[in-house]
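Below you'll find the structure, written out as structure tokens, and then a few comments.
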Protein chains: 2
Amino acid sequence: MAPRKVKSVTPAKAAARQRPLTRIQKEKQDIILEAALEVFSVHGFRGSTIDQIAEVAGMSKPNLLYYFPKKEEIHRRLIGTLLDTWLAPLREMDERGDPFSEIRSYIRRKLEMARDFPRESRLFANEMLRGAEHVIDMIEVDLKNLVDEKAKILLLWMDQGKLARADPYHLIFSIWATTQHYADFDVQVRAVLGGNRNGEGRFDDAALYLEQLFMHGLSPRPKAAKLPESS
Amino acid sequence: MAPRKVKSVTPAKAAARQRPLTRIQKEKQDIILEAALEVFSVHGFRGSTIDQIAEVAGMSKPNLLYYFPKKEEIHRRLIGTLLDTWLAPLREMDERGDPFSEIRSYIRRKLEMARDFPRESRLFANEMLRGAEHVIDMIEVDLKNLVDEKAKILLLWMDQGKLARADPYHLIFSIWATTQHYADFDVQVRAVLGGNRNGEGRFDDAALYLEQLFMHGLSPRPKAAKLPESS
DNA sequence: CTAACATTTTTCCAACTGGTCAAAATTTCT
DNA sequence: AGAAATTTTGACCAGTTGGAAAAATGTTAG
């Protein structure tokens, strides 16, 4: 009789079989994911090495590979959870609320995320820059559906005269862009604000400015309203 | 007597000696830089390989290395020229012009750059994401100085009551963010606008929307003006 | 304690990486 | 044409990378 194969169940295989992970396995995976976020968010997928991640995670490379047999697997997991978190603020935008306070809250929440989760923002940006290979499906379905839904709400508000008429999609884009900028281009922002206190209160200042920009920029205007004319 | 070294002058060394490059050398370098832009802008520095660049450039790796002896050298050259081009639109903002038409032109030019030079935008974004190692000096000096200068102009306009009072730095950031978004997050923008015509006229729509946002958002208001109050 | 399993470390490998070098091919100059 | 310089190629190399295998070391239930 052939010698029985030792059936060592790696955490990865356990997960594949839907067997629940032990507490320790979960912890280790979290440590790895945390380290991977740190590395991937700066260097991108190809630019990051398992060794780097392992070092940040405080374990050996083969040990790391015991929990995530493929580099791609780590990345996939990170990206997978990311989009959900990332869209949460937009999901909260409520049709029944006041348009301006809803938009203002949305801006604030996005700005807070840029402040508190800059690595997630950069990971996402990295992914977008290289064509979103790994997330394109999610983007085209979940993200698009959510935005479509919220765009409808914005249009409704505009119809009710509560909000200046404007392209709701680009409106959402502009909120994304302006808020994520403070995470993705942090170095630049700090360098420019630079000086002595190195852009200390930049997030508060940004919040103030963006509120003003969007609140004024989106205030409904009497029909005769005209853009200032250039000379 | 030792045999005379053959003094083959590589283009790189010629450049180092300030000797002018021949037309062919210039052409080949341009081909390489073009290919490198293509590759670096998507994969970042670490994520790109010389082989990839060489293939896009249609030459062998050693041949490419004949023109640029170091991978870093290619990158440095790209980045070096980039910042100049990148800041040109801001440089054009003229104190003597009308504030609104100046700002509007600036937005338009930036948006055109996002449309016509998305790879440059992405290269820059890539660089920012990973901490701007290679450009931090330029950012901290040239960029900062330019922005400081233009911020003063904006403040002047605000003092003259021609522009709503707002943080001039964040004002500039918001223009950068909203315009570059259409290059850096192009995949996302297209996926969301998606549908049949796949965001065909997205740049025109964006121009329209952004003009409205900024023109209204920055219109000087009578002193009593208040932000709409949330319930 | 010990068998069964889970985790970690050591060793190793094949593919890929940036880069060298000398020879060959080509172009340029006289 | 032919010498001299330039450009291109092919072979090669040392270091790195993702990953496999197996041995060594825990850990835990009986």
Side-chain angles (χ1 to χ4, degrees), chain A residues 3-17 19-32 35-36 39-40 43-77 134, chain B residues 2-17 19-32 35-36 39-40 43-78 134:
Chain A
R4 240 352 174 89
K5 277 250 188 67
V6 178
K7 55 163 180 180
S8 175
V9 178
T10 71
K13 287 177 192 159
R17 291 193 217 154
R19 193 192 291 189
L21 299 180
T22 71
R23 186 181 47 81
I24 287 189
Q25 287 171 343
K26 184 95 188 58
E27 273 174 20
K28 290 271 174 161
Q29 289 199 354
D30 285 348
I31 290 175
I32 293 172
V39 177
F40 281 142
H43 301 288
F45 181 74
R46 287 216 46 192
S48 305
T49 73
I50 301 185
D51 276 303
Q52 267 178 93
I53 300 172
E55 195 190 328
V56 175
M59 61 180 74
S60 68
K61 179 171 64 169
N63 195 186
L64 183 151
L65 284 166
Y66 171 70
Y67 290 99
F68 289 92
K70 299 269 174 195
K71 184 185 175 189
E72 255 204 285
E73 206 54 50
I74 314 176
H75 194 248
R76 207 195 315 280
R77 273 280 289 276
H134 309 283
Chain B
R4 247 333 183 93
K5 277 250 187 66
V6 178
K7 57 163 179 181
S8 174
V9 178
T10 71
K13 287 177 193 158
R17 290 192 216 152
R19 195 192 291 190
L21 299 180
T22 71
R23 184 181 48 80
I24 288 188
Q25 288 171 344
K26 184 95 188 58
E27 275 174 20
K28 290 272 174 158
Q29 289 200 353
D30 285 348
I31 291 175
I32 293 171
V39 178
F40 281 143
H43 301 288
F45 182 75
R46 286 214 49 189
S48 305
T49 72
I50 300 185
D51 276 303
Q52 265 178 98
I53 300 173
E55 195 188 328
V56 175
M59 61 180 73
S60 67
K61 180 172 62 170
N63 196 186
L64 184 151
L65 284 165
Y66 171 70
Y67 290 100
F68 289 91
K70 298 269 175 194
K71 185 187 176 188
E72 254 205 288
E73 205 54 51
I74 314 176
H75 194 248
R76 207 196 314 279
R77 273 280 289 277
L78 278 178
H134 307 283

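Chain identifiers are assigned alphabetically (A, B, ...) following the order of the sequence lines, protein sequences preceding nucleic acid strands; residue numbering begins at 1 within each chain. In this text the structure is predicted, and so the values were computed from the model without any measurement.
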Of the nucleotides C:dG19, D:dT8, C:dT8, which has the atom closest to the B:Tyr66 side chain? D:dT8

Any non-hydrogen side-chain atom of B:Lys70 less than 4.5 Å from a side-chain atom of B:Arg76? no

Please indicate whether B:Glu55 has more than 12 foreign heavy atoms, meaning atoms of other residues, nucleotides or ligands, lying under 6.0 Å from its CD. no

With a non-hydrogen cut-off below 4.0 angstrom, is A:Ile50 in contact with a base, only sugar-phosphate, or nothing? sugar-phosphate

Distance in angstrom units between B:Leu65 CG and D:dC13 P, rounded: 18 Å

From the set C:dT8, D:dG19, C:dT10, return the single nucleotide nearest to any side-chain atom of A:Pro62. C:dT10

If only side-chain N and O atoms of B:Tyr67 are considered, is one of them under 4.0 Å from the OP1 or OP2 phosphate oxygen of D:dT8? yes

Check the phosphate of D:dT17 against A:Gln52, side-chain N and O only, distance under 4.0 Å to OP1 or OP2. Yes or no? no

In this structure, how many angstroms lie between the C1' atom of C:dA15 and the CG atom of B:Asp51, rounded? 12 Å

Can you tell me if the side-chain N/O atoms of B:Ser60 get under 4.0 Å from OP1 or OP2 in D:dT8? no

Rounded to the nearest Å, what distance is computed from the CZ atom of residue B:Phe45 to the P atom of nucleotide C:dG18? 8 Å

What's the closest nucleotide to the B:Gln25 side chain, out of D:dA11, D:dT6, C:dT17? D:dT6

Over how many whole Å does the gap from B:Leu64 atom CG to D:dT9 atom P extend? 12 Å

D:dT9 phosphate, OP1 or OP2: any side-chain N/O from B:Asn63 under 4.0 angstrom? yes

Is there a donor and acceptor pair, one atom on the side chain of B:Lys61 and one on the base of C:dG18, closer than 3.5 Å? yes

Residue B:Arg46, side-chain atoms from C-beta onward, closest of D:dT17, C:dG19, C:dT9: D:dT17

Rounded distance in Å - CD (B:Glu27) to C1' (D:dT7): 14 Å

Compare every heavy atom of A:Gln52 with every heavy atom of A:Gly47, then report the nearest pair and how far apart it is. O-NE2, 3.7 Å

B:Phe68 has an atom CZ; how far is it from atom P of C:dT20, in whole Å? 15 Å

To the nearest Å, how far apart are B:Lys28 NZ and D:dT6 P? 16 Å

Residue pair B:Tyr66 / B:Lys28, side-chain heavy-atom distance below 4.5 Å: no

Nearest whole Å is fine: how far is C:dG18 P from B:Phe40 CZ? 9 Å

Considering all heavy atoms, the nearest A:Ile31-A:Ala57 contact: CG2-O, 3.6 Å

